[in-house]
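Chain letters run A, B, ... following the sequence lines, proteins first and then strands; every chain starts at 1.
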Amino acid sequence: MSELPAEGGHGAVPLADVPTGVGVPAPEKEWPLYEVFVRGKRGLNHVHVGSLHAADDRMALLHARDVYTRRNEGVSIWVVRADAITASSPDEKDPMFAPSGDKVYRHPTFYDIPDDVPHM
Amino acid sequence: MTLTETPTDDDLAAGLEAGFEATIARNDRIEPRDWMPDGYRRTLVRQIAQHAHSEIIGMQPEGNWITRAPSLRRKAILLAKVQDEAGHGLYLYSAAETLGVSRLELTELLIAGKQKYSSIFNYPTLSYADVGTIGWLVDGAAICNQVPLCRTSYGPYGRAMIRVCKEESFHQRQGYELLTTMMRGTDEQRAMVQESVDRFWWPALMMFGPPDADSPNTAQSMAWGIKRNTNDELRQKFVDMSVPQAEALGVTLPDPELRWNEERGHHDFGQPDWEEFMQGVKGNGPCNAQRMAHRRRAHEDGAWVREAATAYAAKGLDTPRSSLGGNSTTERTGR
Ligand SMILES: [Fe+2]
Ligand SMILES: [Fe+2]
């Protein structure tokens, strides 16, 4: 049974040598990918929850409601075409975030205040 | 940085690999745009894809009873449960896509029979009691598998699992409550429940996969933090959880070897029929052909709807931005 690892939610599925489709270009007719952001309740930011495919913006919004908010998980949804997002690259993590890394004086803990000074 | 020598490609690859290993060792999460070994990526795609396919195919056995649910209450519950399974499939396809595959491609691979789904869904639902038994045992077994996956090393997979697990609790409880209600009914209804449990107990145990001794890939997946417990550990946990639930329900589990082992602090139990399991995996299970034919038909029957929506979007009737150019998986994953 060596070809039968059983990892995954419902288990017991042969995975060895199964084609993955990695690197295969998306079929032409595939709808564009949208990223979905949901505001859980008033007072909170919209948070990324996942993605979906839709033919247009309005369909993306309706699908987002059905896929990501079946149990009052949100009061507001944003959808945005994934190809419209500009992201920092993990490869340039060091130069990208270095400017904040060495500025310890931006943190309150950098400053020594005598213990007997109240409310600080 | 002093660049006295230009690093070679090998140096760079070793650095990337070391970074990946360090992230795993810190018990930190790998995120989509991080470098990862090809084997890790492919193992994840295979696992997440079969998981997604299982959720989607898994709608069929229970969907079979939606039109014949005995009351409006039961029908509404079953509809919501089956709709959740569709949602689970979509969360998982979404996670798989962050690894550089397209959902449509995965669907095509399923329909072509090149990617598989869990054998548990190849068993028929012969009586309405099966709706309850599936919720209790099949969703129960899935919960045992999925809870540890919430801490899996790949971020998007773990996050999808957290959403799934929140919903599974409803699935299991509605099933168990359905069975409890039937057990309070007539002798005939009680017999239906027992008969259903007799049919589903062993297939539920098979869901954890072959014994550890026969599952060499488990070791690699555990090292990568993709899997957190072995097949046998999870199976034991499931049996220990189910025994008192069966007692409370008033059914017997069909295993003559099942008994409490004081020394181990666990139940001893028999082995499922692995030959039957292998037959199911090879496509010879009771409903394999039917499940695949149904999935294929649903995909083909939906083609005109997808085409119509595409045409509508192309006309820009809905929003000013309606171009359907290129899929964006590439940009998103950096591949
Ligand atoms: Fe599910
Ligand atoms: Fe479920």
Problem set entry | Short side-chain to backbone donor-acceptor contact, B:Arg306 and A:Trp31, under 3.5 Å | no
Problem set entry | Min side-chain heavy-atom separation B:Gln50-A:Val18 under 4.5 Å | no
Exercise. A:Glu30 side chain to B:Ser102 main-chain N or O, any donor-acceptor pair under 3.5 Å?
Worked result: no
Exercise. Which of these passes side-chain contact (heavy atoms from CB on, under 4.5 Å) with A:Thr20: B:Lys114, B:Arg42, B:Glu105?
Worked result: B:Arg42
Exercise. Looking only at heavy atoms, which two atoms of A:Met59 and B:Ala309 are closest? And how far apart?
Worked result: CE-CB, 3.4 Å
Exercise. Is the shortest heavy-atom distance from the side chain of A:Arg71 to the side chain of B:Lys166 under 4.5 Å?
Worked result: no
Exercise. Is the number of heavy atoms from other residues, nucleotides or ligands within 6.0 Å of CH2 (A:Trp78) greater than 12?
Worked result: no
Problem set entry | From B:Leu104 atom CG to A:Lys29 atom NZ, the distance as rounded to the nearest 0.5 Å | 6.0 Å
For this session: Please report the closest heavy-atom contact between A:Val22 and B:Val45, naming both atoms and the distance.
Result: CG2-CG2, 3.8 Å
Exercise. Does atom NZ of A:Lys41 have more than 12 heavy-atom neighbours from other groups under 6.0 Å away?
Worked result: no
Problem set entry | Side-chain donor or acceptor of A:Tyr68 paired with backbone N/O of B:Gly87 under 3.5 Å | no
Exercise. Where does B:Leu106 contact chain A at under 4.5 Å (heavy atoms): side chain, backbone, both or neither?
Worked result: side chain
Exercise. Any side-chain heavy atom of A:Leu33 within less than 4.5 Å of one from B:Glu97?
Worked result: yes
Problem set entry | Greatest number of heavy atom pairs closer than 4.5 Å to chain A - which of B:Leu92, B:Ile48, B:Asp84 | B:Asp84
Problem set entry | Which atoms of B:Asp139 approach chain A - backbone, side chain, both or neither, heavy atom under 4.5 Å | neither
Seminar exercise, completed: Pair count under 4.5 Å, heavy atoms only, with chain A: among B:Glu108, B:Glu55, B:His53, B:Glu31, highest is B:Glu55
Exercise. So which heavy atom on B:Leu109 is nearest to which on A:Gly21, and how close?
Worked result: CD1-N, 4.1 Å
For this session: Name the member of B:His88, B:Arg103, B:Glu307, B:Lys116 that forms the most heavy-atom pairs with chain A at distances under 4.5 Å.
Result: B:Arg103
Exercise. For A:Gly50, does its backbone N or O pair with a side-chain atom of B:Ser94 as donor and acceptor, under 3.5 Å?
Worked result: no
Problem set entry | Within 6.0 Å of CG in A:Asp102, more than 12 heavy atoms from elsewhere | yes
Problem set entry | Structural part of B:Arg159 lying under 4.5 Å from a heavy atom of chain A | neither
Problem set entry | Sub-4.5 Å side-chain heavy-atom contact between B:Tyr93 and A:Leu52 | no
